[in-house]
**Q** 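Take this structure, written in structure tokens, and hold onto it; I'll ask about it next.
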Number of protein chains: 2
Amino acid sequence: MLHITRRGDYAIRGMVYLAGQPADKVTLLGDMAAAVEASPAILAKIFQHLSKVGLVSSYRGTGGGFVLGRPAEAITLLEIVEAVEGPIILNRCLIAKGTCGRDSFCPVHPVWGRVQEKMRSMLGEYTLKDLAGK
Amino acid sequence: MLHITRRGDYAIRGMVYLAGQPADKVTLLGDMAAAVEASPAILAKIFQHLSKVGLVSSYRGTGGGFVLGRPAEAITLLEIVEAVEGPIILNRCLIAKGTCGRDSFCPVHPVWGRVQEKMRSMLGEYTLKDLAGK
DNA sequence: CCATATAAGACCTTTTTGATCCTATATTGC
DNA sequence: GCAATATAGGATCAAAAAGGTCTTATATGG
Ligand code: SF4
Ligand code: SF4
């Protein structure tokens with residue numbers, strides 16, 4: 001239905017929050033969840049994945065929590081969205097050449113390609129630094 | 001997951017096909033379904049709806065079928081997609097002011113608005129005439 | 001060794017999507 | 001009028017995705 005999921009939105013909320021914290025403060029999941037108004041359980045899932053991908057670093061045990069995996073100015077909205085939701089693909093003919101079969105002659109195929117690339121490039125222009133306003 | 005549905009794609013396929021036919025030829029559902037490689041049953045559903053919205057005109061009985069509801073140059077990709085899938089809304093805060101609650105201070109909110117509008121305007125630029133190449 | 005805090009995965013419910021089937025209704029031609 | 005044709009409309013069903021909860025590891029610091 002052409003919209004990002006809650007997971008994607010929660011991920012962005014959390015990442016913007018982390019970017020707004022002091023540079024290498026280790027943030028508790030619970031604090032972050034409260035601040036971004038999301039369930040700790042679901043935010044945990046999301047950030048476990050962001051950790052695996054390297055967008056955040058995580059520390060277990062007492063004094064553990066999450067920190068940005070890179071400087072805020074080196075993380076874009078696009079990366080966060082695609083890390084959580086998978087690559088932005090507007091129509092299935094853009095998954096790979098031949099997925100649709102009509103792509104060689106379909107006049108609409110290139111349109112989706114253009115719209116998709118514009119969208120990705122726009123999202124790629126915004127960094128966490130821009131969004132956290134620091 | 002940020003992609004159009006099959007219904008949307010089938011609708012576009014069918015509309016492009018109609019636009020490629022002689023101006024006021026009444027096209028059989030079955031012919032259209034065969035040409036666009038979609039099940040007649042599902043294409044029927046889709047075009048019933050497009051008919052209700054006025055994007056096509058339909059005629060029942062012998063010699064019946066579908067015709068574009070307006071000249072091909074007056075129907076855009078955006079209209080077809082939104083007729084079938086509902087309005088393009090990238091994040092729920094864009095449904096209406098206040099749907100999210102954080103929209104008044106959220107730094108990401110305006111970004112989604114900008115991306116969404118760009119996307120809609122791009123899709124609004126392509127007409128069936130462009131796509132059918134007539 | 002104990003309290004803390006994330007990692008990982010199982011599990012469940014609801015919503016959306018994709019698809020089919022059956023019956024009704026309108027139109028044409030005989 | 002009647003039969004053949006073709007869309008309208010609704011009921012129904014299965015599969016997939018999304019949203020969310022819970023339980024059990026595992027690592028860390030004191
Ligand atoms: S836009 Fe054209 S190529 Fe892409 S999925 Fe639709 S029919 Fe296939
Ligand atoms: S982008 Fe901001 S305003 Fe929009 S839904 Fe997410 S948190 Fe709410």
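Letters go in sequence order (proteins before strands), and every chain restarts at 1.
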**Q** Kindly indicate whether the side chain of A/H3, heavy atoms from C-beta on, has any atom under 4.5 Å from the side chain of B/I89.
**A**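 A/H3 does not reach B/I89 side chain to side chain.
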**Q** So, is B/S58 near the phosphate of D/dA8, with a side-chain N or O under 4.0 Å from OP1 or OP2?
**A**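 Yes, because at least one side-chain N or O of B/S58 sits under 4.0 Å from OP1 or OP2 of D/dA8.
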**Q** C/dA7, OP1 or OP2 - any side-chain N/O from A/Y59 closer than 4.0 Å?
**A**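 Looking at the OP1 and OP2 atoms of C/dA7, neither is under 4.0 Å from any side-chain N or O of A/Y59.
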**Q** So which one's nearest nucleotide on DNA chain D is more toward 5', A/I4 or B/Q48?
**A**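 Comparing both residues, the 5'-ward one is B/Q48.
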**Q** If you look at every strand shown and take non-hydrogen atoms under 4.0 Å, does A/F47 touch a base, only sugar-phosphate, or nothing?
**A**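 It contacts nothing in the nucleic acid.
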**Q** With respect to the side chain of A/R7, which nucleotide from C/dT20, D/dG19, C/dA19 is positioned closest?
**A**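 Shortest atom-to-atom distance from the side chain points to D/dG19.
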**Q** Can you spot which of B/R6, B/R13, B/R7 makes a side-chain hydrogen bond (donor to acceptor under 3.5 Å, both in side chains) with B/D9?
**A**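 Looking at B/R6, B/R13, B/R7, the match for B/D9 under the side-chain hydrogen bond (donor to acceptor under 3.5 Å, both in side chains) is B/R13.
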**Q** Between atom CD1 in B/I46 and atom P in D/dA8, what is the gap in whole Å?
**A**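 It is 13 Å, rounded to the nearest whole Å.
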**Q** How long is the line joining CD1 of B/I42 and P of C/dC22, in whole Å?
**A**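 Nearest whole value for this atom pair: 17 Å.
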**Q** Side chain of A/R60 only, heavy atoms from C-beta on: which candidate in C/dT6, C/dT17, D/dA18 is closest?
**A**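 Among C/dT6, C/dT17, D/dA18, the one nearest the side chain of A/R60 is C/dT6.
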**Q** Taking the side chain of B/T62 as heavy atoms from C-beta outward, which of D/dA4, C/dA19, D/dG19 is closest to it?
**A**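 The nucleotide sitting nearest to the side chain is D/dA4.
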**Q** Check the pair A/I12, A/V16 against side chain to side chain contact (heavy atoms under 4.5 Å, CB included), reporting the backbone distance first and the verdict last.
**A** CA-CA 6 Å; A/I12 294 168; A/V16 171; 4.0 Å; yes
**Q** Find out whether A/M119 and B/K118 are in side-chain contact, i.e. whether some heavy atom of one side chain is under 4.5 Å from a heavy atom of the other.
**A**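 With C-beta onward as the side chain, the pair stays apart.
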**Q** Given atom CD of A/E85 and atom C1' of D/dA18, what is their separation to the nearest angstrom?
**A**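 After rounding, the gap between these two atoms is 10 Å.
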**Q** Starting from C1' on D/dG20, measure out to CG on A/D9 and report it in whole angstrom.
**A**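 Result: 16 Å.
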**Q** Of all the choices, D/dT21, C/dT20, D/dT7, which nucleotide is nearest to the side chain of B/L29 once you look at every atom?
**A**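 Out of D/dT21, C/dT20, D/dT7, the nucleotide with an atom closest to B/L29's side chain is D/dT7.
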**Q** Using atom CG of A/L43 as one end and atom P of D/dT21 as the other, report the distance to the nearest whole Å.
**A**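 In whole Å, D/dT21 P and A/L43 CG are 12 Å from each other.
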**Q** Any N or O donor-acceptor pair linking the side chain of A/R6 to the base of D/dG20 at under 3.5 Å?
**A**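 No, the side chain and the base share no sub-3.5 Å donor-acceptor pair.
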**Q** By nearest heavy atom, map B/S39 and A/S51 onto DNA chain C; which one lands nearer the 5' end?
**A**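 It is A/S51 whose nearest nucleotide is closer to the 5' end.
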**Q** Looking only at atom types and distance, does a side-chain atom of A/H49 sit under 3.5 Å from a main-chain N or O of A/V84, one as donor and one as acceptor?
**A**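 Here the side-chain-to-backbone pair does not exist.
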**Q** Of all the nucleotides listed (C/dT6, C/dA19, D/dA8), which has the minimum atom distance to the side chain of B/F66?
**A**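 Among C/dT6, C/dA19, D/dA8, the one nearest the side chain of B/F66 is D/dA8.
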**Q** Ignoring the backbone of B/L28, work out which of D/dA8, C/dT6, D/dA6 is nearest its side chain.
**A**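 The nucleotide sitting nearest to the side chain is D/dA6.
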**Q** At under 4.0 Å between heavy atoms, what does B/G30 touch on the DNA or RNA strands: base, sugar-phosphate, or nothing?
**A**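 Touches nothing.
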**Q** Check every atom of D/dT7, D/dA18, C/dG18 against the side chain of B/M1 and return the nucleotide holding the closest atom.
**A**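 Output: D/dA18.
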**Q** Whole angstroms only, please: what is the OH-P distance between B/Y10 and C/dT17?
**A**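 It works out to 15 Å between those atoms.
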**Q** Indicate whether any N or O donor in one side chain lies under 3.5 Å from an N or O acceptor in the other, for A/E125 and A/T76.
**A**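 A/E125 vs A/T76: no donor-acceptor pair found between side chains.
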**Q** Could one point to a donor on the side chain of B/K45 or the base of D/dG10 with an acceptor on the other under 3.5 Å away?
**A**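 Check passes, donor-acceptor contact within cut-off.
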